[in-house]
Visitor: 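Just dropping this structure here.
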Amino acid sequence: MSSLPPPPAPAGLPRPSAGHAAGDVVRILRAGELTVGWRSAMLVTWVGIVLVYASVWRTARTMGLSTWWLGPPAGPQVLVVQLLPFLAPVAMVIAASRPTRYLPIAGIVAGLAGALIALGDVGRFDRIALVELAAAAAGLLMSVATLAGMLRSEPRSEPSVP
C-alpha cells in the first residue's frame, strides 16, 4: 500500500525549504528572535546556571556557611530572599524555551543581576562568591554571544511562483 503525495500548497504561502518535508509547518521568525540553535544554547546555559546556584545552596548548607541570601543555619533568611538568586535564571529558562523577542538583552540584564547577588558575598565567603560570579559571567557572556543569532529585520517573503 503506497501513500499518496501531499496536496500542493496554496498560492501565497511560503514553501518549505530543502530541509523540510512538504507537509511540515514552518514558523517564520520575527525580528528580535533568536535562531533555534542560539536559543537552544541559551536554554542549556541558563539551566546550568540554575544548577550552579542549587549547588551553592547545598554546599553552603552542608558546610554551615551563611551567604547573605541564605542566612545562618540557625536563623535563615525568609524563603523569598533565599530564592532571589534563582529568579532571573529561572525566568531566562522559561523565556529561552519559547520564541521570545530580545532574549539576549534579557540575558544580559539577568547576568548583571547575578553579578550583583554575588557581590554581596565578596569579603564574607570569597570562594562561594567566585562561583556565583562565574555563573553570572557565563550567563552574561552567552547572552552577548547570542546577539549574533538575533534576527535584525523581518524576513522577506518569497515571491509566489505560479
Side-chain angles (χ1 to χ4, degrees), residues 14 16-21 24-156:
S17 62
H20 299 284
D24 287 349
V25 176
V26 179
R27 191 178 85 70
I28 298 174
L29 299 175
R30 301 173 296 169
E33 286 186 19
L34 291 177
T35 60
V36 175
W38 281 109
R39 200 175 77 198
S40 299
M42 182 78 102
L43 178 66
V44 169
T45 300
W46 286 101
V47 166
I49 291 169
V50 169
L51 294 175
V52 166
Y53 279 118
S55 298
V56 167
W57 183 323
R58 179 69 180 169
T59 301
R61 285 296 179 229
T62 301
M63 296 179 71
L65 304 175
S66 59
T67 61
W68 75 266
W69 49 276
L70 284 175
Q77 291 277 13
V78 182
L79 185 61
V80 174
V81 176
Q82 290 182 18
L83 295 177
L84 192 61
F86 295 93
L87 182 65
V90 168
M92 287 303 300
V93 167
I94 293 168
S97 65
R98 305 182 39 80
T100 307
R101 296 176 87 173
Y102 307 109
L103 189 61
I105 306 302
I108 290 170
V109 171
L112 293 174
L116 288 175
I117 289 171
L119 287 177
D121 287 327
V122 173
R124 297 173 49 141
F125 302 105
D126 289 334
R127 292 186 177 152
I128 287 181
L130 187 62
V131 172
E132 293 171 352
L133 279 172
L140 181 66
L141 292 174
M142 175 53 83
S143 299
V144 169
T146 57
L147 286 170
M150 189 170 73
L151 296 178
R152 304 292 190 264
S153 62
E154 297 290 334
R156 288 179 268 152

Visitor: Residues in ring pair (Phe, Tyr, Trp, His ring centres under 6.0 Å) with Trp57, at least two apart?
Guide: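 In terms of ring pair (Phe, Tyr, Trp, His ring centres under 6.0 Å), with neighbours along the sequence ignored, Trp57 is linked to Phe86.
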Visitor: Apply the test side-chain contact (heavy atoms from CB on, under 4.5 Å) to residues Leu34 and Thr100: give CA-CA distance (whole Å), side-chain angles for both, the deciding distance (0.1 Å), then the verdict.
Guide: CA-CA 8 Å; Leu34 291 177; Thr100 307; over 6 Å; no
Visitor: Any chance you could measure Leu84, atom CG, to Tyr53, atom OH, to the nearest 0.5 Å?
Guide: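 Spacing of CG (Leu84) from OH (Tyr53) equals 9.5 Å.
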Visitor: How many angstroms lie between CG in Leu141 and OG1 in Thr146, if you round to the nearest 0.5 Å?
Guide: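 Here the interatomic distance stands at 10.5 Å.
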Visitor: So, Ser143 side chain and Gly139 main chain: donor-acceptor pair closer than 3.5 Å or not?
Guide: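 Yes, because the side chain of Ser143 sits within donor-acceptor range (under 3.5 Å) of the backbone of Gly139.
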Visitor: Please walk me through it: do Ile108 and Leu112 pass side-chain contact (heavy atoms from CB on, under 4.5 Å)?
Guide: CA-CA 6 Å; Ile108 290 170; Leu112 293 174; 4.3 Å; yes
Visitor: I need the Leu140 CG to Leu133 CG distance, nearest 0.5 Å.
Guide: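 Reported value, rounded in 0.5 Å steps: 11.0 Å.
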Visitor: Is the backbone of Leu119 close enough, under 3.5 Å, to the side chain of Trp68 for a donor and an acceptor to pair up by distance?
Guide: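 Not a single qualifying donor-acceptor pair exists.
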Visitor: So which heavy atom on Ala110 is nearest to which on Trp46, and how close?
Guide: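 Result for this residue pair: CB-CH2, 3.7 Å.
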Visitor: Please lay out, stage by stage, how Trp69 and Glu132 fare under the test side-chain contact (heavy atoms from CB on, under 4.5 Å).
Guide: CA-CA 12 Å; Trp69 49 276; Glu132 293 171 352; 3.0 Å; yes
Visitor: Determine the minimum heavy-atom distance between Pro99 and Glu33, stating which atoms define it.
Guide: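 That closest heavy-atom pairing would be CB-OE1, 3.8 Å.
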Visitor: Tell me the closest heavy-atom pair linking Ala135 and Ile49, and the distance in Å.
Guide: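 In terms of heavy atoms, the two residues are closest at O-CD1, 3.4 Å.
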Visitor: Are the side chain of Arg124 and the backbone of Ser66 linked by a donor-acceptor contact shorter than 3.5 Å?
Guide: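 Yes; judged by distance alone, with no hydrogens or angles, the pair exists.
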Visitor: Taking Arg61 for its side chain and Leu70 for its backbone only, find out whether a donor-acceptor pair lies under 3.5 Å.
Guide: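 Side chain of Arg61 to backbone of Leu70, a donor-acceptor pair under 3.5 Å: yes, one is there.
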Visitor: Please find the pair of heavy atoms, one from Gln77 and one from Gly71, that lie closest to each other, and give the distance.
Guide: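 Distance-wise, the nearest heavy atoms are CG-N, 3.7 Å.
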Visitor: What heavy-atom pair brings Asp121 and Ile128 nearest, and what distance separates the two atoms?
Guide: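 Scanning both residues, the minimum pair turns out to be OD2-CG2, 4.5 Å.
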Visitor: Kindly compute the distance separating CG (Leu51) from CZ (Arg58), expressed to the nearest 0.5 Å.
Guide: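 Those atoms lie 14.5 Å apart.
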Visitor: Quick one: closest heavy-atom pair of Gln82 and Pro76, and the distance?
Guide: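 Smallest interatomic distance, heavy atoms only, reads NE2-CB, 3.3 Å.
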Visitor: Counting only N and O atoms by type, is there a donor-acceptor contact under 3.5 Å from the side chain of Thr45 to the main-chain atoms of Met142?
Guide: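 The answer is no, because no donor-acceptor pair under 3.5 Å joins these two groups.
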Visitor: For the atom pair CZ (Arg98) and CG (Leu103), what is the distance rounded to the nearest 0.5 Å?
Guide: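 Spacing of CZ (Arg98) from CG (Leu103) equals 12.0 Å.
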